[in-house]
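We name chains A, B, ... by the order of the sequence lines, and we start the count at 1 in each one. What you see is a predicted model, and the numbers here were worked out from it, not measured in a lab.
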Protein chains: 2
Amino acid sequence: MPVPKKSQPKLADVARLASVSEATVSVVLNGRVGKHARVSEATQERIWNVVRELGYVADPAAKTLAGGSSMILAVFTFETIFPIEHRNFYYPFLVGIEQEARTQGYDLLLLTSINQAQMGRHIYQNGRNRLQLADGAILLGAENNKQEVLTLLEDRYPFVFVGRRESPNDNISYAGADYVQAAVEIVNHLFDHHHQKIAYIATMNIKESSRDREAGVRLAHQQKGNPLAANLIWRGTADQLMLEKLTAFMQMGVTAFIAEDDLLGNRILQLAEGAGWQCPRDFSLAVLGDPLSLSEPAHTWTTFKIPRQAMGREAVRLLMQMLSENDREREAPYRSMLPCTFVPGISVANAPNP
Amino acid sequence: MPVPKKSQPKLADVARLASVSEATVSVVLNGRVGKHARVSEATQERIWNVVRELGYVADPAAKTLAGGSSMILAVFTFETIFPIEHRNFYYPFLVGIEQEARTQGYDLLLLTSINQAQMGRHIYQNGRNRLQLADGAILLGAENNKQEVLTLLEDRYPFVFVGRRESPNDNISYAGADYVQAAVEIVNHLFDHHHQKIAYIATMNIKESSRDREAGVRLAHQQKGNPLAANLIWRGTADQLMLEKLTAFMQMGVTAFIAEDDLLGNRILQLAEGAGWQCPRDFSLAVLGDPLSLSEPAHTWTTFKIPRQAMGREAVRLLMQMLSENDREREAPYRSMLPCTFVPGISVANAPNP
DNA sequence: ATCTTTTGATAAATCGCTTTATCAGATGGT
DNA sequence: ACCATCTGATAAAGCGATTTATCAAAAGAT
């Protein structure tokens, strides 16, 4: 029983001091004048004065219960909310989300997916929406439970994803990064350095972000009139990638590698080093996006920067729009695609003359 | 109006299906059997079955309003909650807090102090306690508004500080780190290396953490029968510290420096380098605590590690105790002091023979 | 048999706020 | 003068829980 309800002024106090009914105060304070009821200028003034004098602020719990807005935004990650391992990856999103939320006067309710016992703790915990208390939610991370997201959609609960997300009805709102365009730029950069045969070292992931990157790589090839051959693609995890594979690529005439993520990029460099190859000299390398591994970027390779902080902010902005939208029947999702920043590194050089 | 109240089962549903009153269900679900009312084993069983079947979970807002517990913990920092600058400093606390909260089944409500317009956004915003919604709060960071904390105390709102905090009545609960003992160890380490005259380079801070460190430095000297002379202490910010001062210390016979924080430590090394001194050879250096500066530790100096994550966890544990304590009149604060870990570095060598 | 105690459970008030439905009085048209 | 409209505001019914006070039936005591 926290907070002895002591001296906190309540709606009733304001009403009494302003000599009006609670209903009137509520209407005025929520800007519902003219909608739910009519209130004269004079009365409004009087109410606001009392509010200021008392320092009245509505109790969020009561507000929520009564169907009002709680000025709370939920942030749901499908991992632990403060992942130690992916600290460098998630932190900027969170910073962006928090900044914008704060700007808009919202507080953040953090909800995590996994509890220590490895039991899933989900959005729908025991069937009840844990996000309920909040006005809306920002979803973050690689969700492992699409079903929950769909249910959320069905329930018309307002939420925005950070990162592009697909769904059967294509109606998920999100603030994403334009990996397609970013990948195109990377490939073009390699083309500009006269690389003809580029091997694409990809993950096995079927995540949207993964597919977008691949789409970009393919698109750039097509635009060049040089479609990406199937045998130039390798898929797997970093420790599955072996030197033989790289050697095979080189023998096929490959002069540059594109790694989908930094784990693969590191692996390539590691294998190459073992074989005595030097990076920009014997082969070029580009990586699709800044690192998600534990450490700070060790190599200054050619890559692009994901606008994580901006994505966080944008997601909150979209959510705000969604919430203020009075057209409750709107079907169109709210979306933004933010550009990535090309980062030239020292891992790309001109292809050797044939 | 988030979440169409649609299909979420409510207390009434459970009651109806179990053929009991709402009151009984509430009593059972909150473990108040025998306290508020008596309920037979059979009935309890029946209720739990319905609850499981329906997947019923209480609405946090309603729970809060009715005076129950919301299973939400507020985390209030007196800075932005995701400070970019002090990322390395704050993150571990947050991780610890979140871990333990999750373990206990609590969610986290993040509240920050400062909004973008530099207007203070405080615990008591407009006189209303923003923490209200939560069952209790963890307070974090260097508070600039002692008054708020005192008001919180008066209101008997349950909260625990991360880091030792003093107050007029000495009744603040906290999970702190034992800087005194840690500082003692550092000084003894220097003594063991035959350093007799040690200069203490301190901040101007009057924070508890700052005073504890100084207390430790003094204590170790006294235990050695060699009280710390006033003229061996320097106070100021890193950029106020000049080479002359260090030179003066050296001429007084100082063979080792203790820097209160890493900013001062870095400054000493920087000045020394300019003067052509080498660190372990010409003087020894120890730093009281791991870095709070932006970058990862650049130097492997002798210092101690603050158990930040553990402090976060412990703070939550203390808060849990506080909340479960039914003796509402308890006056004694809940406290823990966690030990720091001594980290030997390469910045301490034996003092030159006199 | 009668009175007291224990057991098991409920009715109803509350928490603080939102919203729907309703209403009295002022205004206006004819 | 009379009916229709507009204005300004309120009463009251929730929202989904918790908790206090109360009560009937069963068990125990004498």
Side-chain angles (χ1 to χ4, degrees), chain A residues 1-16 18-47 51 54 56-71 128-129 132-133 135, chain B residues 1-16 18-47 51 54 56-72 128-129 132-133 135 326:
Chain A
M1 11 252 115
V3 193
K5 307 294 179 186
K6 228 183 86 176
S7 56
Q8 303 278 31
K10 46 182 76 169
L11 193 65
D13 298 324
V14 178
R16 189 163 27 77
S19 313
V20 292
S21 71
E22 299 186 27
T24 307
V25 177
S26 175
V27 167
V28 170
L29 260 49
N30 291 294
R32 295 275 190 288
V33 176
K35 184 169 183 193
H36 288 324
R38 276 172 280 260
V39 183
S40 70
E41 291 284 344
T43 307
Q44 294 193 40
E45 184 97 2
R46 194 147 33 90
I47 292 177
V51 166
L54 251 49
Y56 169 81
V57 179
D59 175 345
K63 242 186 149 151
T64 308
L65 186 56
S69 97
S70 60
M71 294 309 274
R128 174 172 292 268
N129 185 338
Q132 250 185 349
L133 191 58
D135 290 345
Chain B
M1 18 242 104
V3 194
K5 306 294 178 185
K6 228 184 86 175
S7 57
Q8 304 277 31
K10 46 182 76 168
L11 194 65
D13 298 325
V14 178
R16 188 161 30 76
S19 313
V20 292
S21 71
E22 300 186 26
T24 306
V25 178
S26 176
V27 167
V28 170
L29 261 49
N30 291 293
R32 296 273 191 288
V33 177
K35 184 170 182 190
H36 288 323
R38 276 174 280 259
V39 182
S40 69
E41 292 284 345
T43 307
Q44 295 193 40
E45 184 97 2
R46 193 149 34 89
I47 292 178
V51 165
L54 251 49
Y56 168 80
V57 179
D59 176 344
K63 242 186 147 144
T64 310
L65 185 56
S69 96
S70 60
M71 294 310 274
I72 289 177
R128 176 174 288 270
N129 185 340
Q132 247 184 351
L133 190 59
D135 290 344
N326 44 15

N/O (side chain, [X]) to phosphate O (OP1/OP2, [N]) under 4.0 Å:
X	N	result
N30(A)	dC17(C)	no
K63(A)	dC17(C)	no
R32(B)	dT18(D)	no
S21(A)	dA9(D)	no

Heavy-atom side-chain proximity of [X] to [Y] below 4.5 angstrom:
X	Y	result
Q44(B)	V33(B)	yes
V20(B)	R46(B)	yes
V14(B)	L54(B)	yes

Rounding to a whole Å, what distance do you find between [X]:[atom1] and [N]:[atom2]?
X	N	atom1	atom2	answer
E22(A)	dA11(D)	CD	C1'	11 Å
I47(A)	dC17(C)	CD1	P	14 Å
K35(A)	dA21(C)	NZ	P	14 Å
D59(B)	dA17(D)	CG	P	6 Å
D13(A)	dC17(C)	CG	C1'	13 Å

Categorize V25(A) for me: base, sugar-phosphate, or nothing, with a 4.0 angstrom heavy-atom threshold over every strand shown.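 Nothing, no heavy atom under 4.0 Å.
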Give the residues of residues 36-44 of chain B touching DNA chain C, defined as any heavy atom closer than 4.0 Å, sorted by residue number.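 A37(B), R38(B), V39(B), S40(B), T43(B) - these, ordered by number, are the residues of the stretch whose heavy atoms sit under 4.0 Å from the strand.
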Among the candidates [options], find the nucleotide nearest to the side-chain atoms of [X].
X	options	value
L65(A)	dC17(C), dT19(D), dG16(D)	dG16(D)
L11(B)	dA17(D), dC17(C), dC15(C)	dA17(D)
A66(A)	dG14(D), dT10(D), dA17(D)	dG14(D)

Partners of S19(A) by side-chain hydrogen bond (donor to acceptor under 3.5 Å, both in side chains), sequence neighbours excluded?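 Checked S19(A) against side-chain hydrogen bond (donor to acceptor under 3.5 Å, both in side chains); zero matches.
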Between [X] (side chain) and [Y] (backbone), is there a donor-acceptor pair under 3.5 Å?
X	Y	result
T64(B)	P60(B)	yes
D59(A)	A61(A)	yes
S26(A)	E22(A)	no

Note down the inter-axis angle between the two ends of the helix from dA1(C)-dT30(D) to dT30(C)-dA1(D), five pairs each, to the nearest 10°.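 It works out to 50° between the end axes.
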Could you check I47(A) against L29(A) for side chain to side chain contact (heavy atoms under 4.5 Å, CB included), going step by step and ending with a plain yes or no? CA-CA 9 Å; I47(A) 292 177; L29(A) 260 49; 3.9 Å; yes
Nearest heavy atom decides the nucleotide; on that basis, is A23(B) or A62(B) closer to the 5' end of DNA chain C?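 Closer to the 5' end of DNA chain C: A23(B).
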Under-4.0 Å salt bridge between R16(A) and D13(A):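 A salt bridge links R16(A) with D13(A).
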